[in-house]
Q: 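First the structure, then my questions, so here it is.
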Amino acid sequence: MHNRITEEIRQNESTMSKFIEQIILEHYTKGATTMGKTRTLAFQVSEELFQQIKDYLTRYEQVYHCRLSQKEFVIRLIEQALAEADEEFEAAQAIEDEAEAMPDTAPDAEGGEHPAENAEFL
């Protein structure tokens, strides 16, 4: 366990005190929300993208004086994208519902045209 912790601290260019602080923060801020079943989501990215993420996380810590883990960063992005997608789906559904509520412009049952098609407009 000690080796794993030491390796993570080294990889994140952190200190033991920052690591312990992060563990405590994660425990108290996530404990209530991760009580349910969890699943693993794993994927690979290019070295360039990985370095961009690491640079962002470093700048984030410098600006906000708190560490944002890769996991927290990716989860925030996914949650944001899903929220935006939900808004887009709701807007698309509202447009579809509105279109369905519009009066029918198809020919009438006797084969004639819809009355609105014969109307003269000034």
Side-chain angles (χ1 to χ4, degrees):
M1 180 65 102
H2 180 267
N3 290 341
R4 287 176 59 191
I5 292 170
T6 304
E7 179 64 19
E8 185 170 341
I9 289 170
R10 186 187 64 72
Q11 285 179 348
N12 293 322
E13 299 173 355
S14 187
T15 64
M16 181 62 83
S17 62
K18 284 184 179 181
F19 179 78
I20 291 171
E21 179 183 355
Q22 185 64 32
I23 296 297
I24 292 169
L25 286 171
E26 287 177 6
H27 174 75
Y28 285 107
T29 59
K30 294 182 181 179
T33 59
T34 59
M35 295 292 267
K37 184 176 181 179
T38 61
R39 301 288 303 263
T40 299
L41 181 65
F43 51 90
Q44 293 182 332
V45 297
S46 69
E47 180 64 28
E48 180 182 344
L49 180 57
F50 183 80
Q51 286 305 318
Q52 288 177 319
I53 293 168
K54 295 296 273 187
D55 291 344
Y56 171 82
L57 295 174
T58 299
R59 286 191 316 264
Y60 183 95
E61 186 172 356
Q62 291 169 349
V63 170
Y64 297 107
H65 306 292
C66 78
R67 183 176 172 270
L68 179 63
S69 71
Q70 291 175 23
K71 177 182 173 183
E72 291 168 324
F73 175 67
V74 172
I75 289 172
R76 285 182 186 182
L77 290 176
I78 292 170
E79 289 173 339
Q80 180 182 358
L82 289 173
E84 289 172 6
D86 282 344
E87 290 174 8
E88 291 173 9
F89 292 149
E90 289 173 9
Q93 185 63 51
I95 291 170
E96 188 176 310
D97 292 346
E98 195 173 293
E100 289 176 1
M102 297 293 286
D104 189 14
T105 58
D108 64 18
E110 297 174 5
E113 294 179 356
H114 193 278
E117 293 176 14
N118 292 329
E120 292 183 29
F121 295 99
L122 300 174

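Owing to the predicted nature of the structure, the values given are computational and were not obtained by experimental measurement.
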Q: Provide the closest heavy-atom pair for Leu49 versus Ser46 in the form atom of the first, atom of the second, distance.
A: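 Taking Leu49 first and Ser46 second, the nearest heavy atoms are N-OG, 3.1 Å.
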
Q: Determine, step by step, whether Gln22 and Glu72 satisfy the side-chain contact (heavy atoms from CB on, under 4.5 Å) criterion, reporting the C-alpha distance in whole Å, the side-chain angles of both residues, the deciding distance to 0.1 Å, and the verdict.
A: CA-CA 12 Å; Gln22 185 64 32; Glu72 291 168 324; 3.6 Å; yes

Q: Check the pair Ile78 / Leu41 against side-chain contact (heavy atoms from CB on, under 4.5 Å), numbers first and verdict last.
A: CA-CA 11 Å; Ile78 292 170; Leu41 181 65; 3.8 Å; yes

Q: Show which side-chain atoms of residues 89-98 pair as donor or acceptor with protein atoms under 3.5 Å away, not counting sequence neighbours.
A:
| from | atom 1 | to | atom 2 | distance (Å) |
| --- | --- | --- | --- | --- |
| Gln93 | NE2 | Asp97 | OD1 | 2.8 |

Q: So among Arg67, Gln52, Gln70, which one has a side chain to side chain contact (heavy atoms under 4.5 Å, CB included) with Leu57?
A: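 The passing option is Gln70.
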
Q: Indicate, with yes or no, if Leu25 and Tyr60 share a hydrophobic cluster defined by side-chain heavy-atom contacts under 4.5 Å among Ile, Leu, Val, Met, Phe, Trp and Tyr.
A: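 No; tracing contacts between hydrophobic side chains, which count when under 4.5 Å, never links both residues.
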
Q: Can Leu77 be reached from Tyr64 by stepping across I, L, V, M, F, W or Y side chains whose heavy atoms are under 4.5 Å apart?
A: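 Looking at the clustering, Leu77 is in the same group as Tyr64.
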
Q: Determine, for Arg10 against Glu7, whether the closest basic-nitrogen to carboxylate-oxygen distance falls under 4.0 angstrom.
A: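 Yes, Arg10 and Glu7 are salt-bridged.
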
Q: To the nearest 0.5 Å, what is the distance between CD on Glu48 and CD on Gln51?
A: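 Those atoms lie 10.0 Å apart.
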
Q: Hey, could you give me the CD1/CD1 distance between Ile5 and Ile20, rounded to the nearest 0.5 Å?
A: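 Interatomic distance, Ile5 CD1 to Ile20 CD1, rounded to 0.5 Å: 8.0 Å.
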
Q: Could you tell me if the side chain of Ile9 sits less than 4.5 Å from the side chain of Lys18, heavy atoms only?
A: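 SC-SC contact between Lys18 and Ile9 ruled out.
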
Q: Do you reckon Phe73 sits in the same ILVMFWY cluster as Val45, going by side-chain contacts under 4.5 Å, direct or chained?
A: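 Yes, it is one cluster - the side chains of Phe73 and Val45 are joined through contacts under 4.5 Å.
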
Q: As an exercise, state the distance from CD1 of Ile53 to OG1 of Thr58, rounded to the nearest 0.5 Å.
A: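 Those atoms lie 11.5 Å apart.
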
Q: Do Phe50 and Leu68 sit in the same hydrophobic cluster, where Ile, Leu, Val, Met, Phe, Trp and Tyr count as joined when their side-chain heavy atoms come under 4.5 Å apart?
A: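 Linked within one cluster.
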
Q: Between atom CD of Glu87 and atom CG of Leu82, what is the distance when rounded to the nearest 0.5 Å?
A: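 Answer for the CD-CG pair, Glu87 versus Leu82, is 11.5 Å.
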
